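Notes for the one structure printed next.
Given the structure is predicted, the values throughout are model-derived calculations rather than measurements.
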There are 2 protein chains.
Amino acid sequence: MQEPTEVVGRNGAQARVLAGVRSAIIEGRHAPGEPLSELALAAEYDVSRTPVREALKQLQIEGLVEVRARVGTFVRSPSRREVVELFELKEMLEGMAARLLAARGPVPVLDEIEDNLERSGRAVAQGDTEDYARLVHGFHELLVVGADNSQLESHYRTLMNQLAYHRLVSASLTRPGRLGASLAEHRNVLELIQEKDGFGAEFAMRDHVRSSERATLAADDPLAGGTPLRKEV
Amino acid sequence: MQEPTEVVGRNGAQARVLAGVRSAIIEGRHAPGEPLSELALAAEYDVSRTPVREALKQLQIEGLVEVRARVGTFVRSPSRREVVELFELKEMLEGMAARLLAARGPVPVLDEIEDNLERSGRAVAQGDTEDYARLVHGFHELLVVGADNSQLESHYRTLMNQLAYHRLVSASLTRPGRLGASLAEHRNVLELIQEKDGFGAEFAMRDHVRSSERATLAADDPLAGGTPLRKEV
DNA sequence: CGGTAGGTTCTTGCATGCAAGAGAAGCTAC
DNA sequence: GTAGCTTCTCTTGCATGCAAGAACCTACCG
């Protein structure tokens, strides 16, 4: 997505490594449990161990890797329990976003959401699951950004990175009937926001997140009995 | 609070620096805006710059310090807007905690909360504001821990560190009548939890957080017209 | 053939040296 | 006296070297 020759302003090396490794983990190019040697990453990004260490430290705080002292650094995947906990948080944060957005009144982002839902309708009509998954991601993103609360946005992004959410969602959307139901829920949320019904929007959103969670966990469950999420596609 | 000679298991140096600097910032021993030289901290903790850098990096992610490349590292204090945003998040997270705790049914932590409220009652009767402030902190802590959601707990702690919350609360409790009202709200929340009324508990808690927030911001407002929170005591 | 002890190699944790840049202080010219 | 420029110092960013420890592999013994 980005030109590798792009010059990052201040701390170039560390930021470059951070972005690279993070996206590699989220997109599944590094499998859960896989060891990430500082030395190997340093060679890969053509920098010394120092910026690699700092990038890995940040990823550790974000919950994406686990550093065991004098043993190694490993790609971390949340346990089943953590996934449930993260979904519970996600429900609250997105509900909050819907409520805050409703309270803001008419703002341009509402038009973007409306446009998103129109395109989502076309994707559902054509049965284009992949395109719809992208649009779903966009819908939630617009909602959170539109809430205009940078702290919420920050915590939310950390959460979503841990969940590797888009991969989970893609799986859940393959379930028959889920597409249409999902779209109807989205439309309901937007309607309540436009009516400035903050609490209505919050709870509609929370219900939607719970439904989506159930579909996601159900889609994931039969395949893997134990802990492994983020299976290979 | 801790013996400085205590040996930390794995990465001793960094953990020691991290804990020391973080508590120093939260407790106000480092004023907002104050520069934190890596070299000076290294000398103070008798380590090299490396573990200091890693500790500061973590504090940067937590929002407690700001690192400007090739300029310096400074103690960060949230802007007024950020404080409002953080309170909005706090409201959701604590409401969530109350709901989750109610759903757990009778667990030992409920007895601890009951004990906390009894002692709070005595503190209010005696007008011991300082003791009550500690008990308030304990109440909220018990609630969040009792919710048994480690992700919630983690995000909540980050939040509270950024707010330097206990200092703000102490200020708000000096307002006449706030002590009694606060205690009554706490009792109401516990009652609803004991009745397993999850949503009732959630909203009682959210109301309580909003009241507390209003009292806090009101107590802080007249003193500082602009941005500075965390005034010296 | 199995188990144990030793060594070897890999890992991260920490210390240190160098370089680039920002900012302040002082000097010079007007 | 003041504005502008130069220089100097202090900061963090990055590279590298060393050390401690963990895990694995191997050889040896029962």
Original post:
Is any side-chain heavy atom of A/Tyr45 closer than 4.5 Å to a side-chain heavy atom of A/Pro51?
Top reply: no
Can you tell me which nucleotide in [options] comes closest to the side chain of [X]?
X       : options                : value
B/Val47 : C/dT11, C/dA15, D/dT11 : C/dA15
B/Glu38 : C/dG13, D/dG13, C/dC14 : D/dG13
B/Arg70 : C/dT11, D/dC14, C/dA20 : C/dA20
B/Arg49 : C/dG13, C/dC18, C/dA15 : C/dC18

Roughly how many Å is it from [atom1] in [X] to [atom2] in [N], rounded to a whole number?
X       : N      : atom1 : atom2 : value
A/Tyr45 : D/dC14 : OH    : P     : 15 Å
B/Phe74 : C/dA22 : CZ    : P     : 14 Å
A/Glu66 : D/dA22 : CD    : P     : 16 Å
B/Arg16 : C/dG13 : CZ    : P     : 16 Å
B/Leu39 : C/dG17 : CG    : P     : 12 Å

Original post:
What distance do A/Lys57 atom NZ and B/Arg53 atom CZ have between them, rounded to the nearest 0.5 Å?
Top reply: 12.5 Å
**OP:** State the CZ-CD distance between B/Arg99 and B/Glu202, to the nearest 0.5 angstrom.
**Re:** 5.0 Å
**OP:** Starting from the 5' end of DNA chain C, give me the residue, B/Val71 or A/Leu36, whose nearest nucleotide shows up first.
**Re:** A/Leu36
Subject >> Distance-only polar pair, side chains of B/Gln58 and B/Glu62, donor-acceptor under 3.5 Å >> reply: yes
Subject >> Pair B/Thr73, B/Glu38: side-chain N/O donor-acceptor within cut-off below 3.5 Å >> reply: no
**OP:** Check whether the side chain of A/Arg68 and the base of D/dG21 form a donor-acceptor pair under 3.5 Å.
**Re:** no
Is there a side-chain polar atom (N or O) of [X] under 4.0 Å from OP1 or OP2 of [N]?
X       : N      : value
B/Arg53 : D/dG13 : yes
A/Ser48 : D/dA15 : yes
B/Thr73 : D/dT12 : yes

**OP:** Please work out if A/Glu54 contacts a base, only the sugar-phosphate, or nothing of the nucleic acid, heavy-atom cut-off 4.0 Å.
**Re:** nothing
